[in-house]
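Every number for a ligand or one of its atoms is a count from 1 in the order of the listing.
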Amino acid sequence: MFNKILIANRGEIACRVIQTAHKMGIRCVAVHSEADINARHVAMADEAFLLGPAASSESYLRGDKIIDIALRSGAQAIHPGYGFLSENTQFADACASNGLVFIGPPASAIAAMGSKSAAKTIMEKAGVPLVPGYHGANQDPSQLRTEALKCGFPLLLKAVAGGGGKGMRVVNQLSEFDDALAAAKREASNAFGNPDMLIERYLLQPRHVEIQVFCDSHGQGVYLAERDCSIQRRHQKVLEEAPAPNLSDATRQAMGEAAVKAAQAIQYVGAGTVEFLYASDGEFFFMEMNTRLQVEHPVTEMITGQDLVEWQLRIAYGAPLPLLQSQIRLHGHAIEARIYAEDPEHDFLPATGTLSYLKTPLESRHVRVDTGVIEGDEVSMHYDPMIAKLIVWDETREQAINRMQQALEHYRISGVTTNIRFLHALVDSQPFRQAELDTGFIEQHQALLSPPPKLSQAQVLVLAAGFFLQAQAVAHHASTQLSPFAQQNNWRLNTAYRRILPLMLGEQLHQLTIVHQLTIVHQPQHDDIHIGEQVYQLHAELVGDCLHATLDGHSIRLHGALNDRQLTLFYQGESYVCQHYQEQFGQQDHSAAGGLTAPMNGAVVAVMVAKGDVVQAGQTLVIMEAMKMEHAIKAPFDGVVEAIYFNEGELVADGAELLAISATEQEAVSL
Ligand code: MV4
């Protein structure tokens with residue numbers, strides 16, 4: 001076996017490969033960009049080399065540098081992971097010509113799947129079922145029109161050079177054909193530099209079912225069942241599961257055998273995935289072949305009990321397949337959810353930020369977390385926004401779904417917006433539970449996937465107040481427990497005291513009044529929390545970062561992450577962010593300098609004084625707003641307002657002088 005390999009990737013897949021390599025006693029060389037110097041994959045590896053700046057084009061895509069590092073470090077093979085260089089024929093060739101093993105298929109097999117029409121021709125010859133249509137070389141518009149008529153409508157125009165959903169166009173009737181063809185060709189020319197099209201009958205509501213195949217360098221091939229990856233959003237997979245629900249053993253076998261034939265038709269070696277469209281009537285058709293290990297491989301591992309990275313390494317070393325087809329058994333059901341840094345409420349825009357709080361569910365034989373990040377890491381815009389893959393396994397699909405829900409509830413992230421709530425709604429939806437899967441699922445069930453929040457605004461505020469108070473009490477206790485004054489509450493028995501807690505939730509500021517009811521005999525101590533006219537009775541205790549709360553007789557447990565004045569509450573797969581609002585007291589250094597300047601870019605929302613007014617130190621002069629937060633600008637000393645430079649509603653720049661006051665008497669000395 002190899003004794004040292006280089007992993008030409010980052011993130012969770014690099015970590016995943018290192019884990020298996022170490023299990024097999026293989027040393028690992030990591031490569032990384034400047035941005036990833038402290039990344040988990042670098043820490044896990046035995047040694048690591050800097051590639052270059054954060055941009056992939058200057059780091060993880062630099063095949064030349066990577067080969068150089070492999071040679072220098074004495075690595076015998078390169079694992080490309082997925083993405084980046086994993087399906088790059090030049091890189092695979094360059095490895096070979098430098099005496100390095102590319103842990104993947106031969107370059108010729110990658111190339112054979114590069115063109116859709118060439119791939120279809122190969123598959124047709126190998127007897128793999130294809131969607132009826134045309135994939136010939138004759139691209140004459142009149143020829144294509146004739147083929148369209150033969151195919152029937154609706155049909156799909158696909159760019160020969162396309163893939164992953166790019167360069168496709170549905171044509172519903174003949175009258176639309178000429179225009180659609182011209183437009184599709186233009187698009188394909190621009191996107192891929194190749195205008196060629198193929199024509200396929202357009203399948204309605206198909207499922208995406210893919211077969212995991214492995215071939216060794218001795219001509220043997222096996223399939224390791226299938227994955228249903230129908231739950232996608234704009235051709236991005238969101239949930240994957242194995243086995244595919246409601247797929248008969250006969251179909252599994254037929255699809256598996258077709259997939260192995262497909263792989264063998266291109267002299268495949270290593271891990272590959274053959275994707276099929278699975279029609280509602282049970283027919284299946286070859287879609288494309290991915291010549292790499294895929295993101296969703298863990299669900300296959302969970303139901304087969306096999307380590308697919310180990311299979312890759314053994315096969316790359318020249319060993320035969322670890323198992324015969326007859327030895328591959330399936331057990332139970334696995335589901336993977338991809339946790340992305342994105343905002344489902346804003347069109348799934350990628351999110352960035354610092355993972356200031358990151359807690360993962362406990363791992364077991366039921367729960368697996370594949371990730372490349374740790375608490376404190378930055379999610380930047382340079383790389384894929386996937387934070388982690390959460391994989392669950394259980395005996396039945398229904399139990400696996402329950403596991404997934406629970407595991408998602410135990411995945412807590414703050415600092416970066418994620419799709420966890422969306423995933424939770426997805427796995428909990430009736431149509432998903434009933435396995436009504438097709439590639440249009442997410443679009444079709446949008447309403448179900450953004451359900452109303454489980455906690456009302458008032459509940460969130462009260463629970464947040466409880467968290468803030470308890471966190472403060474814990475901090476206070478820690479600092480005073482040795483002091484005789486720690487016992488002071490005893491002589492305040494049977495009294496109550498109140499405080500005001502201003503909380504920002506969303507864009508709204510709420511003034512909560514908290515009346516602390518001290519111990520009354522036989523009644524636990526609690527707080528009366530007033531929000532407007534309403535009063536809520538809360539008893540709360542903080543255990544670590546878990547709040548045990550009883551709110552009006554309902555006991556609730558929820559976790560919180562306190563970061564400075566910002567609190568994220570986690571409840572049943574949802575998170576709520578609120579802010580302990582604090583007026584910005586004229587920014588100390590500003591008042592020390594007597595400067596009455598804007599502390600940030602913002603708007604003047606209120607001018608509280610007029611020219612000539614006598615003001616006292618600490619009096620609010622102007623209220624500004626920035627980032628939806630109000631800031632009070634206060635008088636640094638007693639004085640008289642000499643001039644006001646801005647009116648209400650005006651925008652001001654950071655540092656702009658807002659008004660001038662002259663100090664009374666000797667206070668002026670401090671200026
Ligand atoms: C299709 C199809 C329906 N009929 N081909 C999209 C990605 C590309 N690899 C193939 N795709 C499709 N091809 C025919 N003849 C529907 C899709 C499709 C799809 C396929 C798999 C997963 C998600 C999808 C989402 C939209 C469309």
Side-chain angles (χ1 to χ4, degrees), residues 82-83 87 113-120 123-124 128-136 144 147-148 150-173 177 180-181 184 187-188 191-192 196-211 226-242 244-245 247 255 259 262 272-292 294-296 299 336 338 348 426 431-432 435-446 449:
Y82 51 73
E87 293 175 282
M113 292 295 116
S115 151
K116 280 186 169 309
S117 55
K120 283 189 86 167
M123 295 309 155
E124 191 169 40
V128 179
L130 302 181
V131 186
Y134 174 75
H135 53 271
L144 291 176
E147 295 296 341
K150 270 202 258 171
C151 174
F153 293 89
L155 62 77
L156 193 57
L157 288 168
K158 286 186 182 178
V160 162
K166 272 180 255 162
M168 302 198 323
R169 214 177 193 92
V170 180
V171 187
N172 287 304
Q173 53 196 30
F177 185 79
L181 179 65
E187 263 174 35
F192 315 110
D196 290 358
M197 289 290 141
L198 51 83
I199 295 172
E200 286 183 2
R201 197 177 82 211
Y202 182 57
L203 305 177
L204 299 171
Q205 300 187 300
R207 284 165 65 180
H208 172 130
V209 178
E210 58 182 35
I211 301 280
E226 76 287 352
R227 300 181 282 258
D228 189 309
C229 310
S230 299
I231 309 293
Q232 307 198 358
R233 225 199 102 256
R234 295 200 204 135
H235 305 292
Q236 275 260 47
K237 289 168 187 160
V238 177
L239 288 177
E240 303 102 339
E241 56 185 304
L247 196 84
M255 228 186 234
T273 298
V274 184
E275 297 182 344
F276 293 97
L277 287 168
Y278 181 70
S280 41
D281 62 2
E283 264 195 296
F284 61 87
F285 309 98
F286 172 82
M287 188 162 39
E288 50 194 73
M289 179 166 184
N290 297 317
T291 54
R292 57 168 190 274
Q294 288 196 267
V295 177
E296 59 272 24
V299 291
E336 174 179 281
R338 298 193 189 186
F348 296 87
L426 198 50
F432 183 75
E436 291 167 12
L437 307 175
D438 74 72
T439 56
F441 187 98
I442 289 178
E443 211 163 276
Q444 196 182 318
H445 297 296
Q446 270 175 48
L449 305 181

Fill in: Glu200/Lys120 ion pair, N-O < 4.0 Å
yes
Item to complete: Answer yes when Lys158 and Glu288 have at least one side-chain N-carboxylate O distance shorter than 4.0 Å, and no when they do not.
Response: no
Worksheet item: Arg201 and Leu155: side chain to side chain contact (heavy atoms under 4.5 Å, CB included), yes or no, with the steps?
Response: CA-CA 4 Å; Arg201 197 177 82 211; Leu155 62 77; 5.9 Å; no
Discussion item. Suppose the criterion is salt bridge (charged side-chain N to carboxylate O under 4.0 Å, His left out): which pairs have a residue in residues 435-445, not counting sequence neighbours?
Written reply: none
Expected rows: ligand 1 N/O, protein N/O, dist below 3.5 Å:
from	atom 1	to	atom 2	distance (Å)
ligand 1	4 (N)	Leu203	N	3.0
ligand 1	5 (N)	Lys158	NZ	3.1
ligand 1	5 (N)	Glu200	OE1	3.4
ligand 1	9 (N)	Glu288	OE1	2.9
ligand 1	13 (N)	Lys158	NZ	3.2
ligand 1	15 (N)	Glu200	OE1	2.8
ligand 1	15 (N)	Arg201	O	2.8

Discussion item. What I want to find out is whether Arg169 reaches Glu187 closely enough, with some N-O distance under 4.0 Å, to be called a salt bridge.
Written reply: yes
Worksheet entry | Pair Glu87 + Arg292, salt bridge at N-O below 4.0 Å | yes
